[in-house]
Structures are given as C-alpha cells and as structure tokens.
A.B. asks: 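My questions will all concern the structure given below.
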Amino acid sequence: MTFSEVIIDWYRQNKRELPWRKTTDPYKIWLSEIMLQQTRVDQGLPYYLAFEKAFPTVFDLADATEEKVLKLWQGLGYYSRARNLHHTAGYIARERKGEFPSSYKELLKLKGVGDYTASAIASISFNEASPVVDGNVYRVLSRYFGIDTPINSGRGIKYFKELAQELIDKEDPATFNQGIMEFGAVQCKPRSPLCSECPLNAGCVALKDNLVDQLPVKIRNARIKHRYFNYLIVHNEHRTLLFQRREKDIWQHLYEFPLVETEKPMSEEEIISHPQFKELIGENRFEISLYNKENVVHKLSHQHIHATFWIVYLKNDIEGGIRKSRIKEYPVPVLIANFVREYEF
DNA sequence: AAGCCGGGGAT
DNA sequence: ATCCCAGGCTT
C-alpha cells in the first residue's frame, strides 16, 4: 500500500464522528477550520455547536454584531479569528450573495484564511487536491521520512508543503487531508506516540533511528513577558465602569474594567496616587480595598499577566457606567470572567 | 524572518 | 514547568 492508502485506510477505521464531518457545506467547513486553528478539537467542539445553532448560515453570522460574535467566542482565545470571521461573513453574504470562493487560490484571499485553511476548505468542500500542512502533518511527515528541517523555518514550510503535495490522494484529497491530520492527533501524537501498533511503523525512519521524540524540529520562540495589570473595579450600588480594549494589544475589542498597567506590583498608596487613578476618580470620595490578596497570574502562551483587582466604591453617580446586572452580556477575557464570577458584586 | 495573538490539556 | 494544539497577520 502507498502512504496515502495507509492513511485513508486507517482514517476510515479510526475517525472520530464530528459534526463538521457530516457535511461539505463550505460555510460549516470554514467555520470549523477557523475555530480549530491552534485549538484542540475537544476545546473547539462546544463553540462550534454554539455557533452552528446561533448562526445556521453565513447570512445569520453576517447580520450579527461583532460584540455578539465575540461573546460567543469568549474563552476560545485568539480573538482576531472571531473578528476576521465576522468580517469575512459580511463580505461573503453581501458581496458574494452567500457564495464562497471554490478554489485554494481564491479562498486564500479571504481575511483570516491562510495557507492551511484555504487548502482545508478547497479539499473538503470542493475536492481540490491541495494539501493541508498543520501541526499534525508536520509531525507525521517529519517522523515518517526522518526530516529534521525546522518546521517553522521558511525552508521547512516550503519543503513540507511540497512533500504533502506529492503524497496527497488526487482522487480523494478530502479524506487524505483529514486522515493525515487525524492520524497525527490520535496515533502519531507529540508525546508517547503509538508506534508499536502503527500501520506505518515498518517504513518510519524516526522509529528505525530512534528519533521519534526528537522530531519534528522546531525553532524556539520568544521568551515570556511579564506584565502587571491593576484593574479598578469602580462601582456604586448599581453601576460599574467597563471599557472596550481598542489598542493594538491582546484582547482587542473585548471589555474590561479600567486598567492601570505598571512595571511592577503596586501598593494601595501607589495606585491611588497614579495619574490614571486620579483622572478616573477625580474629586469623588471613594473607599478602596484590595480584592485578591494573592497575585492572580493569568498565563498566556507568550506573556504572564499579573493581575490585581482593586475595589473602588463610590457613593455618587458613575458617568458612563454600565448596570452591574448586565455585565455578563459583554465579551470579556477569561481573566475578567473569572473575577466577575467570583466577586458577584 | 521574527514577533504577536489565548486558553487549556497533557506530560 | 514545558510543549503544543485542524495558524494567520503584522512588521
């Protein structure tokens, strides 16, 4: 059997039943592929079901507000995916009458659709023999063929794409693409792959040379940055302040409490004398207390957020405040959602 | 080419 | 604590 025959045969016997595998509707395939970018199937699945229910067609998604889309996306991370998803839905619905591009080349032009996603949609929805190369494929190919070219180098990206192009089943690219990804996720796992019961173990270079745990090779990424977020829970009996993040930074367009970012942890005296605090509170009388005695460390893949929540109670009206009872309607980062759930005003 | 963008699960 | 996940965009 050829490589692709083994993959397809394995897939038919071992595939998981997933909702997006029951259709070739490009809208559903697109939605699932965007959601699964850098995201495990188990984590993305409940979000996919919620989106499918809330937005059965691309027109429903296009008609929604960005805020509603972000709210449904809350907790899934990489929020630019949700913003691009909404933007592209508007383009498809209004300028293309709901019709998706039907080739890899045209799909690639959509915002939020890169090389991987364009190939995935082109193959699954339109039967185009365009190979997907995701983290799973890098792992399977680097091990089976014993390739130590870094997968995140320019050379590596080009090499693995070409190799996958040679291997893809031209008659059934959809099954091959999904098969090799599923194979990487279930059989050829990052840690403790199931080599002894692998249908490809006879020809696997990494297994023969005992290099399975050395491949794929990846160039190490940047160091983790530490940031100190002082959130000011400025509230009175009924209202609290909540602002939308507009800067080019993490959590763009999500909501949060007034934020004072500092270079190091702040004491109460330092916070109330901070220019941003003074500008926010002005001459109003307030009572301040520290909510979390212990520093909350919210870990992102590339930075650690050391968060402190300062409860600032006012007796007078709050200009621009929102009703506390409506706070759960806003899309917020998990860090904020956790606080809101615990504090309960 | 390198940096940035989340959150969670597995080891 | 580290790695990695059905990656893409910006600089």
Side-chain angles (χ1 to χ4, degrees), chain A residues 11 15-16 18-21 28-48 70 73-85 87-88 107-124 131-140 150-158 160-161 164 174 176-186 188-193 213 216-225 227 245 247-254 297-305 331-338:
Chain A
Y11 182 62
K15 66 182 269 196
R16 293 168 285 183
L18 297 168
W20 49 86
R21 288 182 176 166
K28 300 288 184 62
I29 301 302
W30 167 67
L31 178 59
S32 69
E33 293 300 344
I34 300 295
M35 279 188 167
L36 293 175
Q37 289 169 4
Q38 292 293 285
T39 305
R40 282 190 173 71
V41 167
D42 291 340
Q43 188 187 0
L45 181 55
Y47 288 85
Y48 176 84
L70 283 172
W73 198 275
Q74 181 179 309
L76 197 54
Y78 285 145
Y79 297 94
S80 66
R81 292 184 294 169
R83 299 194 308 271
N84 288 336
L85 185 83
H87 176 273
T88 295
L107 286 160
L108 201 50
K109 296 177 182 173
L110 300 177
K111 191 167 292 185
V113 174
D115 187 280
Y116 162 77
T117 306
S119 286
I121 302 171
S123 61
I124 297 171
V132 293
V133 185
D134 72 334
N136 294 305
V137 177
Y138 281 124
R139 188 167 53 254
V140 172
I151 60 173
N152 53 346
S153 66
R155 266 177 49 238
I157 292 168
K158 184 166 181 288
F160 282 98
K161 182 82 175 180
F176 174 81
N177 275 344
Q178 295 181 85
I180 191 170
M181 290 191 285
E182 186 81 338
F183 184 82
V186 175
C188 195
K189 300 182 294 179
R191 306 287 188 85
S192 316
D213 56 357
V217 173
K218 196 173 181 180
I219 301 166
R220 278 262 50 76
N221 31 357
R223 266 273 237 308
I224 288 177
K225 184 195 302 181
R227 301 172 71 179
R245 287 180 69 88
E247 323 84 88
K248 229 169 92 175
D249 195 359
I250 57 172
W251 303 330
Q252 196 174 54
H253 291 192
L254 271 62
V297 183
H298 186 72
K299 295 179 178 178
L300 309 181
S301 55
H302 49 293
Q303 48 186 289
H304 287 359
I305 308 297
V332 297
V334 166
L335 172 64
I336 301 297
N338 288 344

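Reminder, nothing fancy here: chain letters follow the sequence lines and each chain counts from 1. On a predicted model such as this, the values are computed, not experimentally measured, just so you know.
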A.B. asks: Quick one: do the Tyr116(A) and Glu33(A) side chains pair a donor with an acceptor below 3.5 Å?
C.D. replies: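 Looking only at side-chain atoms, Glu33(A) and Tyr116(A) do form a donor-acceptor pair, the distance falling under 3.5 Å.
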
A.B. asks: Specify the separation, in whole Å, of atom CD1 of Ile336(A) and atom P of dG7(B).
C.D. replies: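 Going from Ile336(A) (CD1) to dG7(B) (P), I get 10 Å.
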
A.B. asks: Hey, mind stepping through Asp134(A) and Arg139(A) against salt bridge (charged side-chain N to carboxylate O under 4.0 Å, His left out) and telling me if it holds?
C.D. replies: CA-CA 9 Å; Asp134(A) 72 334; Arg139(A) 188 167 53 254; over 6 Å; no

A.B. asks: Does OP1 or OP2 of dG3(B) have a side-chain N or O of His302(A) closer than 4.0 Å?
C.D. replies: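 So the side chain of His302(A) is outside the cut-off, no N or O lying under 4.0 Å from OP1 or OP2 of dG3(B).
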
A.B. asks: I'd like to check Tyr48(A) versus Leu76(A) (side-chain heavy atoms, cut-off strictly below 4.5 Å). Are they in contact?
C.D. replies: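 Tyr48(A) does not reach Leu76(A) side chain to side chain.
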
A.B. asks: For Gln303(A) and dC4(B), give me the distance from atom CD to atom P, rounded to whole Å.
C.D. replies: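 Roughly 8 Å, once rounded to whole Å.
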
A.B. asks: May I have the distance from Asn152(A) (atom CG) to dA1(B) (atom C1'), rounded to whole angstrom?
C.D. replies: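 In whole Å, dA1(B) C1' and Asn152(A) CG are 10 Å from each other.
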
A.B. asks: Quote, to the nearest angstrom, the P distance that separates dG6(B) from dT11(C).
C.D. replies: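 To the nearest whole Å, 15 Å.
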
A.B. asks: Nearest heavy atom decides the nucleotide; on that basis, is Asp115(A) or Thr39(A) closer to the 5' end of DNA chain C?
C.D. replies: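 That would be Thr39(A).
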
A.B. asks: Round to a whole Å and report the spacing from CG of Asp249(A) to P of dC5(B).
C.D. replies: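 Asp249(A) atom CG is separated from dC5(B) atom P by 6 Å.
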
A.B. asks: Partners of Lys248(A) by side-chain hydrogen bond (donor to acceptor under 3.5 Å, both in side chains), sequence neighbours excluded?
C.D. replies: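 In terms of side-chain hydrogen bond (donor to acceptor under 3.5 Å, both in side chains), with neighbours along the sequence ignored, Lys248(A) is linked to no residue.
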
A.B. asks: For the pair made of CZ in Arg220(A) and P in dG3(B), what is the distance, rounded to whole Å?
C.D. replies: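 Taking atom P of dG3(B) as the reference, CZ of Arg220(A) is at 12 Å.
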
A.B. asks: When the nearest nucleotide of DNA chain B is assigned to Leu335(A) and to Ile219(A) on a heavy-atom basis, which residue is associated with the more 5' position?
C.D. replies: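 Comparing both residues, the 5'-ward one is Ile219(A).
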
A.B. asks: Which residues pass the salt bridge (charged side-chain N to carboxylate O under 4.0 Å, His left out) test with Lys158(A), sequence neighbours left out?
C.D. replies: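 For Lys158(A) the salt bridge (charged side-chain N to carboxylate O under 4.0 Å, His left out) partners, ignoring immediate neighbours, are Glu162(A).
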
A.B. asks: For Arg227(A) and Gln303(A), which I'm curious about, is there any donor-acceptor pair between the side chains at under 3.5 Å?
C.D. replies: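 Arg227(A) vs Gln303(A): donor-acceptor pair found between side chains.
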
A.B. asks: First contact, last contact: which nucleotides of DNA chain C are these for chain A, 5' to 3', heavy-atom distance under 4.0 Å?
C.D. replies: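 Under 4.0 Å from chain A, the extent on DNA chain C is dA1(C) to dT11(C).
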
A.B. asks: Could I get a table of every N or O pair under 3.5 Å where one atom is in the protein and the other is in nucleotides 9-11 of chain B?
C.D. replies:
none

A.B. asks: At 4.0 Å (heavy atoms only), tell me whether Thr117(A) reaches a base, stays on the sugar-phosphate, or touches nothing.
C.D. replies: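 Answer is sugar-phosphate: Thr117(A) comes under 4.0 Å of backbone atoms only.
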
A.B. asks: Could you check whether Val137(A) gets within reach of a base, just the sugar-phosphate, or nothing at all, counting any heavy atom under 4.0 Å?
C.D. replies: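 Since no nucleic acid heavy atom lies under 4.0 Å of Val137(A), the category is nothing.
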
A.B. asks: May I ask you to check whether Gln252(A) and Ser80(A) show a side-chain donor-acceptor distance below 3.5 Å?
C.D. replies: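 No.
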
A.B. asks: With side chain to side chain contact (heavy atoms under 4.5 Å, CB included) as the test, pick out the partner of Met181(A) among Val186(A), Val41(A), Val132(A).
C.D. replies: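 Of Val186(A), Val41(A), Val132(A), side chain to side chain contact (heavy atoms under 4.5 Å, CB included) with Met181(A) is met by Val132(A) alone.
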
A.B. asks: Suppose you measure atom C1' in dA6(C) against the same atom in dG3(B); what distance do you get, rounded to whole Å?
C.D. replies: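 It comes out at 23 Å once rounded to the nearest Å.
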
A.B. asks: Between Met35(A) (CE) and dG7(B) (C1'), how many Å, whole number?
C.D. replies: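 Distance, rounded to whole Å: 14 Å.
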
A.B. asks: Atom CG of Leu300(A) and atom C1' of dG3(B): how far apart are they, to the nearest Å?
C.D. replies: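 Atom-to-atom, Leu300(A) to dG3(B), this comes out as 15 Å.
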
A.B. asks: Near DNA chain B, which residues from residues 73-80 of chain A have a heavy atom under 4.0 Å away?
C.D. replies: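 Gly75(A), Leu76(A), Gly77(A), Tyr78(A), Tyr79(A) - these, ordered by number, are the residues of the stretch whose heavy atoms sit under 4.0 Å from the strand.
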
A.B. asks: Please list, chain by chain and in numerical order, all residues satisfying side-chain contact (heavy atoms from CB on, under 4.5 Å) with Tyr79(A), sequence neighbours excluded.
C.D. replies: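 Partners of Tyr79(A) by the side-chain contact (heavy atoms from CB on, under 4.5 Å) criterion, ordered by chain and then number, come out as Leu70(A), Trp73(A), Arg83(A), Trp251(A), Leu254(A).
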
A.B. asks: Nearest whole Å is fine: how far is dA1(B) P from Lys218(A) NZ?
C.D. replies: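 So the NZ-P distance, Lys218(A) to dA1(B), works out to 17 Å.
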
A.B. asks: State whether the number of non-hydrogen atoms from other residues, nucleotides or ligands found under 6.0 Å of His302(A) atom NE2 is greater than 12.
C.D. replies: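 Yes.
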
A.B. asks: Give one of base, sugar-phosphate or nothing for Arg83(A), where a contact means two heavy atoms less than 4.0 Å apart.
C.D. replies: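 Nothing, no nucleic acid heavy atom in range.
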
A.B. asks: Using a 4.0 Å heavy-atom cut-off across all strands, classify Val132(A) as base, sugar-phosphate, or nothing.
C.D. replies: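 No contact.
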
A.B. asks: What I want to check is whether the side chains of Thr39(A) and Arg81(A) have a donor and an acceptor closer together than 3.5 Å.
C.D. replies: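 A donor-acceptor contact under 3.5 Å links the two side chains.
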
A.B. asks: In Å, rounded to the nearest 0.5 Å, how long is the span from CG of Leu335(A) to CD1 of Ile305(A)?
C.D. replies: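 Leu335(A) atom CG to Ile305(A) atom CD1 measures 8.0 Å (nearest 0.5 Å).
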
A.B. asks: Starting from the 5' end of DNA chain C, give me the residue, Gly135(A) or Pro216(A), whose nearest nucleotide shows up first.
C.D. replies: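 Between the two, 5'-proximity favours Pro216(A).
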
